Amino acid sequence: MSGKPVAKRLVFHIGGYDPITSHASAQRRFVREIARFQRTWSVKATVDGSHDSADQIQWNVTTIGPDWLVETDYRLVRWHDVIEVFGGRSIGSRISVGILAFLDFVLTGTLWRYLQTNWRYALFFLYPFVTFGLLIAAAFLIGVAAFKITGSIPIATGGGLFGLAAVLAGPWRWLHLGDLFDDWIFSCEYIRFGNSEIEQRLDRLAAELVVAASNSAADEIVVVGHSLGAVLAVDLLDRALKRDPALGRKKIPVTFLSVGSSILKIGLHPKAVRFRRAVERVADSRAIFWGDYQALTDALNFYKCRPMAEMGLSTENEATVRVVKISRMLNDDMYQRIRFNFFRVHCQFVSGNDRRTSYDYFMLTCGPISAKSQTLAPDGAVSMIADDGGLVAGAPVSESELLGNPGAAA
């Protein structure tokens, strides 16, 4: 391999809208999944030095191969507190505001744009609202049946209310409909009004990122946004660029990875003008390399889409799109177990792989090959890492080979 391997890396990771996995659970998942990474790539890894602050949870990762060692300063950006605020509202408030958010996305034509861009994502949008509507219809039918049997309006009303209570006590919780409503409520509010708590946090982190880009000992800085976290990652980088327009041009290169991204979830809304401008500024900063990973079987991302083009923005400096197959990342039995669990499939973007493939979250964030080189190479790090985990001699693919085809599929 030509060039100097990465020895130190700084990673900012922003997760998606996930009210189920706490930040403490996220760290435990990281430790569990990096064990799979070790087996797959024949390397060793240790995770230690956890430190919590108001804005992030930070820990150190040391990965070791036969002829390389990488120290990663890994920072998980916190925003679970914001998510908890939305989940703490009353059921009545969540339902009413959720329906208003649904109408907002429908009446503004955003749902139609989802259908035109990626029909699977449109189904994901419709799922919680259609499911809730069917459950309410079932409760109503209970009331109708009670009236037909008894002829009593009070009994029919009581039956309908009983059905509604059963819906809210059972399927509403079992199917996580409240969490899905909250996701869309947050997205609607973020588009139209922003979120002051998140904005203040991103401002502080942007200042930290700018300082690190000039003074850190890292060989590269990687900002990862998963799912809706990719939207916040764009916001973070935009704020950092406002502080330092030369971000990434000076001492330390900066790479932005959007994985299983919800950028178009926000960007296709006609009122998301502020966000689209932020995306454009980040893309126009040639010093920040942007790689966008997508997968067909992940219903929660926009598959085979060019984000800039879909938002009607200039494609001169668009993201390098990589389409990957989750089925190739996992053993057959494991994939068959999770293939219909859409949330688990979505989380494979931040989980360990059973097989060496062109996309591997831990190789990108903790491996000896730069995240940019891995993204540009058609097979990621596969041809750069030997069977024993050592570095393979020979140059990785150069950027010039892919400039003419930024949307190439891996």
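Given the structure is predicted, the values throughout are model-derived calculations rather than measurements.
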If you draw a 6.0 Å radius around [atom1] in [X], do more than 12 non-hydrogen atoms from other residues or ligands fall strictly inside?
X: Arg277; atom1: CZ; answer: no
X: Arg173; atom1: CZ; answer: no
X: Lys251; atom1: NZ; answer: yes

Show the nearest heavy-atom pair for residues [X] and [Y], with the distance to one decimal.
X: Val345; Y: Ile338; answer: CG2-O, 3.2 Å
X: Val392; Y: Ala386; answer: CG2-N, 3.4 Å
X: Ala371; Y: Thr255; answer: CB-CG2, 4.0 Å
X: Pro5; Y: Leu391; answer: CG-CD1, 3.6 Å
X: Asp67; Y: Gly390; answer: OD1-CA, 3.4 Å
X: Cys188; Y: Ala101; answer: CB-CB, 4.1 Å

From [X] atom [atom1] to [Y] atom [atom2], the distance as rounded to the nearest 0.5 Å:
X: Lys44; Y: Leu69; atom1: NZ; atom2: CG; result: 11.5 Å
X: Ser96; Y: Ile91; atom1: OG; atom2: CD1; result: 11.5 Å
X: Ser216; Y: Leu10; atom1: OG; atom2: CG; result: 5.5 Å
X: Leu264; Y: Met311; atom1: CG; atom2: CE; result: 5.5 Å
X: Leu268; Y: Ile191; atom1: CG; atom2: CD1; result: 9.5 Å
X: Lys265; Y: Ile263; atom1: NZ; atom2: CD1; result: 12.5 Å

Evaluate the side chain to side chain donor-acceptor pair (under 3.5 Å) criterion for residues Asn353 and Gln348: first the C-alpha distance (whole Å), next the side-chain angles of each, then the deciding distance (0.1 Å), finally the verdict.
-> CA-CA 8 Å; Asn353 294 346; Gln348 187 56 41; 3.0 Å; yes
Report yes if some heavy atom in the side chain of [X] is under 4.5 Å from a heavy atom in the side chain of [Y]; otherwise report no.
X: Leu232; Y: Val77; result: no
X: Val61; Y: Val11; result: no
X: Ser187; Y: Leu228; result: yes
X: Glu33; Y: Val350; result: no
X: Arg75; Y: Asp55; result: no
X: Glu199; Y: Arg239; result: yes

Show your working on side chain to side chain donor-acceptor pair (under 3.5 Å) between Glu189 and Asn195 and close with a plain yes or no.
-> CA-CA 7 Å; Glu189 292 187 8; Asn195 183 285; 5.6 Å; no
Aromatic rings [X] and [Y]: how do their planes relate, parallel, tilted or perpendicular, breaks at 30° and 60°?
X: Trp184; Y: Tyr114; value: tilted
X: Phe30; Y: Tyr74; value: tilted
X: His226; Y: Phe349; value: tilted
X: Phe129; Y: Phe181; value: tilted
X: Phe186; Y: Tyr17; value: tilted

Counting N and O atoms only, with roles assigned by atom type, does the side chain of [X] sit under 3.5 Å from a partner on the main chain of [Y], one being a donor and the other an acceptor?
X: Ser261; Y: Ala230; answer: no
X: Arg36; Y: Arg355; answer: no
X: Glu220; Y: Pro253; answer: no
X: Thr315; Y: Glu318; answer: no
X: Gln374; Y: Met363; answer: yes
X: Arg9; Y: Thr365; answer: yes
X: Arg276; Y: Pro270; answer: yes
X: Arg249; Y: Pro245; answer: yes
X: Ser42; Y: Asp387; answer: yes
X: Arg356; Y: Thr40; answer: yes

With side chain to side chain donor-acceptor pair (under 3.5 Å) as the test, would you mind laying out the steps for Gln200 and Arg204 before giving the verdict?
-> CA-CA 6 Å; Gln200 292 171 19; Arg204 293 191 293 269; 4.5 Å; no
Would you check, one step at a time, whether the test side chain to side chain contact (heavy atoms under 4.5 Å, CB included) holds for Phe140 with Ile136?
-> CA-CA 6 Å; Phe140 176 76; Ile136 294 300; 5.6 Å; no
So that I can tick it off, tell me whether [Y] and [X] are bridged by a salt bridge, with the cut-off set at under 4.0 angstrom between side-chain N and carboxylate O.
X: Asp179; Y: Arg94; answer: yes
X: Glu208; Y: Arg243; answer: no
X: Arg78; Y: Asp52; answer: yes
X: Asp104; Y: Arg192; answer: yes
X: Glu197; Y: Arg201; answer: yes

I would like to know whether Val231 and Ile14 meet side chain to side chain contact (heavy atoms under 4.5 Å, CB included); could you show each step before the answer?
-> CA-CA 9 Å; Val231 171; Ile14 309 181; over 6 Å; no
Just checking, Arg274 and Tyr190: is the charged tip under 6.0 Å from the six-membered ring centre and within 45° of the axis?
->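 Yes, a cation-pi geometry.
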Between Arg89 and Phe86, is NZ or CZ placed under 6.0 angstrom from the six-membered ring centre and within 45° of the ring axis?
->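 Satisfied, under 6.0 Å and within 45°.
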Pick from Leu180, Asp298, Asn301: which one makes a side-chain contact (heavy atoms from CB on, under 4.5 Å) with Phe124?
->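 Running side-chain contact (heavy atoms from CB on, under 4.5 Å) over Leu180, Asp298, Asn301 with Phe124 returns exactly one hit, Leu180.
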Checking [Y] against [X]: is there a side-chain donor and acceptor pair closer than 3.5 Å?
X: His346; Y: Ser227; result: yes
X: Ser258; Y: Asp292; result: yes
X: Lys271; Y: Thr108; result: no

Are Leu111 and Leu126 close enough, and set up right, to give a side chain to side chain contact (heavy atoms under 4.5 Å, CB included), and what steps lead you there?
-> CA-CA 9 Å; Leu111 172 58; Leu126 289 169; 3.9 Å; yes
Give the intermediate values and the outcome of side chain to side chain donor-acceptor pair (under 3.5 Å) for residues Trp41 and Asp360.
-> CA-CA 10 Å; Trp41 293 90; Asp360 190 294; 2.9 Å; yes
Identified ring pair (Phe, Tyr, Trp, His ring centres under 6.0 Å) partner of Phe256 from the options Phe289, Phe12, Tyr293, Trp290 =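 Among Phe289, Phe12, Tyr293, Trp290, the one that satisfies the ring pair (Phe, Tyr, Trp, His ring centres under 6.0 Å) with Phe256 is Trp290.
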